Every structure is written in C-alpha cells, then in structure tokens.
Amino acid sequence: SIPSPPEAPADAASPPAKKAEDEQAMGLKTKADFLFLEELGEGSYSTVYLGSDRNTHTRFAIKVCSKAQIMREKKIQQIFREKECLQKLSRPESYHPFIVRLYCTFQDNESLYFVLSLASRQDLLGVLKKKKKLTVEEARFTTSEIVAALTHIHAHGIIHRDVKPENLLISQSGHIVLSDFGCAKMLEPTTPEPAPPTPAPSSEAPDGPPRTGRRCSFVGTAHYVSPEVLNNKIIHEGVDYWALGCIVFQLLAGDRPFNDVSEYFIFKRITSLRYEFPADFPDANAKSLIESLLLIDPDDRLGTRAKGGFSGFKEHPFFEGVDWKGLPDSVSPLMA
Ligand code: ATP
C-alpha cells in the first residue's frame, strides 16, 4: 500500500534565508534524498510521482524519464530542450507563479529525474470535462493567467508549441500552472537578452520576445495547431496565441473550434479558418478576443510583437478590470 504523504510546510511559508539555503541544497540532490509516494500521471516517456524531500518534507512532482525509452523513441533532443527551457524559467530572476518550476535534476543508470513544483492532479481539460464550459468570469480569470504565463515565456525567448488544456495544470489553490515543455523551442535572441527580468512572483512580462524565425515540422496537438505550422512556414510566438484562441473558444463554447472526423479534415478547417461560434456564445468581448487570436497571419494575432505584446491584451475589453499584478494572490473562481 502507498504510505500517506507527510504534511509538508508550504514552500511559500519558508523564511527567505532558509529558502536560499534550501535552493542551494537542491542543486546537490540525488534520488536517495526523496521518498517516492504515489503515481500522479504518465507521459509518453515518463511517469510522474508525488515525491517528498526526506529532509525538509517538502512535496514535489518528480518526473522519471526512462533512458531506454528516450533512446528507443529518439526523444533525446526533446528531453534536453525541456530541461533547458525549464532551467531558464526556474532561475530566481525568471521564475513565474503560473509556470511549473524545475528545482533540480539528477540521474541514475535507468532514468533521468526532474524535480518539479507540485500542482494538483487536475488539469484544465479535467475542469472542462466536469463543468462542460466555464462562466465568463471563470474564463476571464483562467485566460488572464494563461496570458500572463505565455507573455512571460515569450519575453524569455521561449515558445511552448503545445499549449492545450491538458498542459495547463491547476494548482491546489486553483491557479494555472503551464507545464510540459517537451515541445518548446528556445529562440536565439537577435537582440540582447530581455532585461531586467520580471521580479518574482509577478504576472507581468516585458513586451515582445527576442525572436529568430524558425520553420518547424508539426509538433503539438492537432486541434490546437496553427496554420503556419501546418503550412511549414516560419513560426514565432504567434503559434501559442493561436492555441490560446482555441482554448478561450473551448472554455466558453464547451467544444473546440476546429473539430472533425480525422486530422486531415481538422487541418483543412484550420488552414481555411473554418469555425463558427455557437448561437448561445455568451460574451461579445470574448468573441472579439478569439477573433483577434484566430487569424491566419501570425503577425496579426493579439499578443505578438507587432500587436503590442502584453500591452495588447491589457487593453483588450475582455480583460477590463483584471488586476494583473494581483492575480497570483487572488481567490480563483475555479475553487468555488
Ligand atoms: P508527454 O510526455 O507526451 O509530453 P504529458 O504532458 O502527459 O505527455 P508529463 O509532463 O510527463 O507528460 O506528465 C504526465 C502527467 O503527470 C500529467 O498529465 C499530470 O497528470 C502529471 N503531472 C505532470 N507534472 C505535474 C506536476 N508538476 N504536478 C502534478 N502533476 C503533474
């Protein structure tokens, strides 16, 4: 039987000096430092466990990736990309409350281990399955947090490329935790690194990512993939905003905008921008937001550099009244 997890002090409750000490100690961890408790979930080449630091009793999600499977499925590049992106986003100066945090990695003969901040089991897909659709207030809150996370990673030169409800975990307190950077891409800056980085924790991100155009083969998930990926065009952060448009639609309509019997027909709908709002779609501002994200030309999409980056969202009427800075400390309507 699985031992019940020890009661851990909340990470945020640690005094700063102790926190710095803990963070330094995290760099030297091995498998023996953790108790592996129950399984939280499975990925294509990994199993994620609830783990507890034997010393501090702090709980984490520990992603265990099988080396044999990584080799067999030729996922070496992917795993290194994931680690690189997570490391970049987990530095104290670039940490963000709505993005999963990597505390340390280690390995043994069989596996690679990623020690991650613990979200609850729930993801946005699970929430949608239960509620069918969100209220406009719930959707505004959720979308604001996704926007905060995406603008933050883009400002740090990272595009996620697989934004979908399954990869938007929900924290114990009902906040968004963007996870799974297995498809992410780090852009080489054409300008110096964005500076100064966002003080943590914060939901603000400097506007506009560094960018290098990249062609890319299809990565991600059929229903959320953007036309430029399907057409093998140069891509940038706009791919994540296309996916965001699909998600906002899904949150409020209860179904995905591009749906069909096979990937082939889904792709045809996407490349010809064929989707329809249901007659009972509840909010005109949300509709306008979706219409400014689901655009064939990625440069036209809200959130991209050409459209004002984060400021573009802040000025959009759907987000009127959102306290962006206060989001991490606000009570999530998803908890009601
Ligand atoms: P893939 O391996 O194909 O990219 P995936 O996103 O399902 O797929 P993982 O990131 O390995 O793979 O996650 C597997 C599952 O483990 C998730 O679906 C989720 O249920 C759980 N999980 C992952 N990270 C966390 C976390 N930080 N906190 C809590 N549960 C998590």
Side-chain angles (χ1 to χ4, degrees), residues 2 5 8 10-12 26 29 34-53 58-87 89-90 95-105 107 110-130 145-146 149 153 158-185 201 217-225 240 243 247 332 334:
I2 299 157
D11 188 37
M26 284 307 279
K29 297 280 184 194
F34 296 92
L35 265 176
F36 286 74
L37 305 165
E38 65 201 88
E39 189 180 312
L40 292 174
E42 263 189 64
S44 49
Y45 53 83
S46 65
T47 307
V48 180
Y49 294 91
L50 172 65
S52 170
D53 186 312
T58 308
R59 293 194 289 172
F60 297 96
I62 307 183
K63 182 165 175 164
V64 184
C65 312
S66 151
K67 285 185 180 176
Q69 213 171 339
I70 292 169
M71 301 292 277
R72 216 171 27 242
E73 292 174 26
K74 301 191 170 52
K75 300 277 189 184
I76 301 167
Q77 280 268 17
Q78 183 169 332
I79 203 97
F80 275 99
R81 233 177 9 221
E82 182 170 8
K83 181 179 166 187
E84 201 184 1
C85 291
L86 282 170
Q87 275 177 334
L89 292 168
S90 300
Y95 155 73
H96 193 280
F98 304 145
I99 297 170
V100 74
R101 189 169 184 186
L102 179 69
Y103 285 89
C104 64
T105 58
Q107 56 176 306
E110 289 80 40
S111 308
L112 301 173
Y113 298 81
F114 286 25
V115 179
L116 303 162
S117 53
L118 180 65
S120 71
R121 248 161 252 251
Q122 179 96 294
D123 59 36
L124 194 55
L125 185 66
V127 172
L128 276 172
K129 277 188 180 155
K130 214 165 7 170
E145 295 204 334
I146 303 171
I153 66 166
I158 291 168
I159 42 180
H160 187 283
R161 302 200 300 178
D162 197 16
V163 179
K164 58 180 175 179
E166 297 93 306
N167 288 337
L168 293 159
L169 302 181
I170 311 289
S171 75
Q172 299 290 350
S173 52
H175 294 274
I176 286 294
V177 182
L178 176 63
S179 76
D180 195 358
F181 284 75
C183 294
K185 191 112 199 154
S217 50
F218 173 48
V219 293
T221 303
H223 294 92
Y224 305 90
V225 72
D240 290 342
I247 292 169
S332 165
L334 297 181

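Both ligands and their constituent atoms are indexed starting at 1 by order of listing. Since we're looking at a predicted model, the values are computed, not measured. Along the sequence shown, residues carry numbers from 1.
- Heavy-atom minimum distance, Y49 versus E39: CD2-CA, 3.9 Å.
- Distance check on atom 17 (C) of ligand 1: every protein heavy atom falls at or beyond the 4.0 Å cut-off.
- A distance of 13.5 Å separates NZ of K63 from NZ of K83, quoted to the nearest 0.5 Å.
- What sits closest to atom 22 (N) of ligand 1 on the protein, heavy atoms only, is V48 CG1, 3.8 Å.
- Between D123 and ligand 1, a contact under 3.5 Å exists for no N or O pair.
- Ligand 1 places these atoms under 4.0 Å from at least one heavy atom of D180: 1 (P), 4 (O), 5 (P), 6 (O), 8 (O).
- Distances from atom 7 (O) of ligand 1 to the heavy atoms of K63, E42, E166 show the closest one on E42.
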Trace of the side chain to side chain contact (heavy atoms under 4.5 Å, CB included) decision for L124 with I170: CA-CA 7 Å; L124 194 55; I170 311 289; 4.3 Å; yes
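- Within the structure, the closest approach of S179 to ligand 1 does not fall below 4.0 Å when heavy atoms are considered.
- You'll find the side chain of L178 stays beyond 4.5 Å of the side chain of I146, heavy atoms only.
- The structure places CD1 of I176 at 7.0 Å from CG of L334, a figure rounded to the nearest 0.5 Å.
- Checked by distance only, ligand 1 and L169 stay at 3.5 Å or farther apart across all their nitrogen or oxygen atoms.
- Each of the following atoms of ligand 1 lies closer than 4.0 Å to a heavy atom of V100: 27 (N).
- Between F98 and H175, the angle of the ring planes stays under 30°, which puts this pair in the parallel group of the 30/60° scheme.
- In the candidate list S120, A61, S46, A61 is nearest to atom 26 (C) of ligand 1, counting heavy atoms.
- The shortest contact between atom 3 (O) of ligand 1 and any protein heavy atom is with S44 OG, 2.8 Å.
- Here D180 contributes atom CG and L116 contributes atom CG; the two are 10.0 Å apart, rounded to the nearest 0.5 Å.
- In this structure, the protein non-hydrogen atom closest to atom 20 (O) of ligand 1 is L40 O, 3.8 Å.
- Tested against L40, the residues V48, I62, T47 include a single side chain to side chain contact (heavy atoms under 4.5 Å, CB included) partner, V48.
- Interface atoms of ligand 1 facing G41, defined by a heavy-atom separation under 4.0 Å, are 15 (C), 16 (O).
- If you number the atoms of ligand 1 from 1 as listed, the ones under 4.0 Å from a heavy atom of N167 come out as 6 (O).
- Here the CE atom belonging to M71 is positioned 14.5 Å from the OH atom belonging to Y45, to the nearest 0.5 angstrom.
- The nearest heavy-atom contact from the protein to atom 12 (O) of ligand 1 is G43 CA, 3.4 Å.
- Residue A119 holds the heavy atom nearest to atom 29 (C) of ligand 1 of all those in C65, S117, S171, A119.
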Any chance you could lay out the side chain to side chain contact (heavy atoms under 4.5 Å, CB included) test for V64 and F36, step after step, and finish with the verdict? CA-CA 11 Å; V64 184; F36 286 74; 4.1 Å; yes
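- Other residues, nucleotides and ligands contribute more than 12 heavy atoms inside 6.0 Å of the NZ atom of K67.
- Counting protein heavy atoms under 4.0 angstrom from atom 24 (N) of ligand 1 gives one or more.
- Contacts between V177 and ligand 1, counted as non-hydrogen atom pairs separated by less than 4.0 Å, are absent for every part of the residue.
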